[in-house]
Q: 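Once you've had a glance at the structure underneath, I'll fire off some questions.
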Amino acid sequence: RPLHAKAEQHLMCEEHEDERINVYCLRCEAPTCSLCKVFGAHKDCEVAPLPVVYQRQKVGGPGGAAGARGCPPSWPSRPSQRPQSELSDGIAMLVAGNDRIQAIITQMEEICHTIEENGRRQKQHLGLRFDSLYGILEERKKELLQSIAREQETKVQRVRGLIRQYGDHLEASSKLVESAIQAMEEPQMAVYLQ
């Protein structure tokens with residue numbers, strides 16, 4: 001049955017509130033009190049003294065509580081001399097597992113730091129490369145603009161020279177036409193034939 005602590009370091013039986021938990025039911029695998037064994041829910045069960053089962057489970061007696069089944073309550077309360085118990089082995093395995101997990105976490109944190117550092121260096125390197133490309137493109141742009149400006153000036157000067165040349169031809173042709181018209185209108189034959 002559920003237990004509750006009534007005094008310091010002592011669990012008391014919930015059904016028999018003045019009784020301490022002092023025996024262990026081997027069939028139900030639960031601690032209980034003597035009155036529960038004699039009159040209560042565990043009267044048909046086999047029990048063992050609580051300190052004996054405690055020592056066997058904690059220190060590692062033969063078979064632990066399971067090995068205690070069928071043994072009389074007159075077991076000696078002397079703890080087993082075996083150096084390791086199932087519980088101690090379990091604790092050692094948990095501690096070792098925790099150490100491995102902590103090592104993995106530390107390794108992953110180092111990997112994260114390495115990834116972040118590599119990313120920072122790559123960004124810096126990329127920025128420098130693009131800055132260099134921007135400089136090259138800007139210089140190339142300046143050269144191309146100057147080349148276009150020179151070619152534009154050359155072509156404009158050439159066309160303007162042709163305009164002047166054709167203008168001079170036009171002016172000479174106009175004067176010639178005007179002179180021809182005047183000659184045609186000249187009534188005097190002597191002047192016309194000069």
Side-chain angles (χ1 to χ4, degrees), residues 1-139 141:
R1 295 181 57 82
L3 313 174
H4 66 278
K6 185 174 181 181
E8 249 186 328
Q9 302 295 327
H10 294 294
L11 288 176
M12 308 302 289
C13 179
E14 186 180 76
E15 187 171 343
H16 310 99
E17 296 184 355
D18 294 328
E19 286 293 319
R20 291 184 181 181
I21 302 300
N22 57 0
V23 293
Y24 185 86
C25 179
L26 300 174
R27 186 171 69 179
C28 302
E29 297 186 353
T32 185
C33 76
S34 298
L35 289 181
C36 284
K37 164 58 183 167
V38 178
F39 304 108
H42 301 282
K43 63 182 179 179
D44 296 324
C45 300
E46 188 171 1
V47 298
L50 195 62
V52 175
V53 179
Y54 168 77
Q55 289 295 338
R56 286 181 177 272
Q57 286 193 4
K58 182 177 181 182
V59 180
R69 289 192 181 90
C71 295
S74 59
W75 285 342
S77 59
R78 178 178 59 84
S80 172
Q81 299 302 315
R82 292 181 61 184
Q84 292 293 333
S85 69
E86 184 178 343
L87 180 59
S88 298
D89 290 344
I91 292 173
M93 289 176 63
L94 288 173
V95 170
N98 288 347
D99 290 342
R100 285 194 297 271
I101 292 172
Q102 184 59 51
I104 291 171
I105 290 173
T106 301
Q107 185 178 9
M108 288 183 174
E109 288 175 347
E110 291 175 355
I111 291 172
C112 287
H113 177 72
T114 301
I115 292 172
E116 290 172 351
E117 184 64 21
N118 288 341
R120 186 189 64 78
R121 284 200 298 265
Q122 289 293 333
K123 289 177 182 177
Q124 184 179 12
H125 180 66
L126 186 64
L128 292 175
R129 292 291 299 273
F130 268 90
D131 288 344
S132 176
L133 288 174
Y134 291 150
I136 294 171
L137 289 173
E138 191 65 31
E139 186 65 26
K141 175 184 174 183

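Keep in mind it's a predicted model, so treat the numbers as computed, not measured. The residues of the chain are indexed from 1 along the displayed sequence.
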Q: Nearest 0.5 Å, please: how far is CZ in Phe130 from NE2 in His125?
A: 11.0 Å

Q: Distance from Asp131 atom CG to Leu126 atom CG, nearest 0.5 Å?
A: 9.5 Å

Q: Using the rule given for side chain to side chain contact (heavy atoms under 4.5 Å, CB included), can you reason through Cys13 versus Ile21, listing the C-alpha separation, both sets of side-chain angles and the distance that settles it, and then say yes or no?
A: CA-CA 6 Å; Cys13 179; Ile21 302 300; 3.9 Å; yes

Q: With sequence neighbours excluded, tell me which residues meet side-chain contact (heavy atoms from CB on, under 4.5 Å) with Lys123.
A: none

Q: If every non-hydrogen atom of Val38 is compared with every non-hydrogen atom of Lys43, which pair is closest and at what distance?
A: O-CB, 3.6 Å

Q: Does any non-hydrogen side-chain atom of Met12 lie less than 4.5 Å from one of Arg20?
A: yes

Q: Quick one: closest heavy-atom pair of Pro31 and Leu50, and the distance?
A: CB-CD1, 3.9 Å

Q: Roughly how far, to the nearest 0.5 Å, is SG of Cys25 from CD of Glu46?
A: 9.0 Å

Q: Rounded to the nearest 0.5 Å, how far apart are CD of Glu15 and CG of Leu35?
A: 9.0 Å

Q: Could you work out, with side-chain contact (heavy atoms from CB on, under 4.5 Å) as the rule, every residue matching Arg120, not counting sequence neighbours?
A: Glu117, Gln124

Q: Can you tell me which residue pairs pass the salt bridge (Lys or Arg N to Asp or Glu O under 4.0 Å) test with a partner in residues 99-113, sequence neighbours excluded?
A: none

Q: Who passes side-chain contact (heavy atoms from CB on, under 4.5 Å) against Ile101, sequence neighbours left out?
A: Ile105

Q: Are Thr106 and Gln102 close enough, and set up right, to give a side chain to side chain contact (heavy atoms under 4.5 Å, CB included), and what steps lead you there?
A: CA-CA 6 Å; Thr106 301; Gln102 184 59 51; 3.5 Å; yes

Q: When rounded to the nearest 0.5 angstrom, what is the spacing between OH in Tyr24 and NE2 in His42?
A: 10.5 Å

Q: For Asn118, give me all partners under side-chain contact (heavy atoms from CB on, under 4.5 Å), at least two apart in sequence or on another chain.
A: Thr114, Arg121

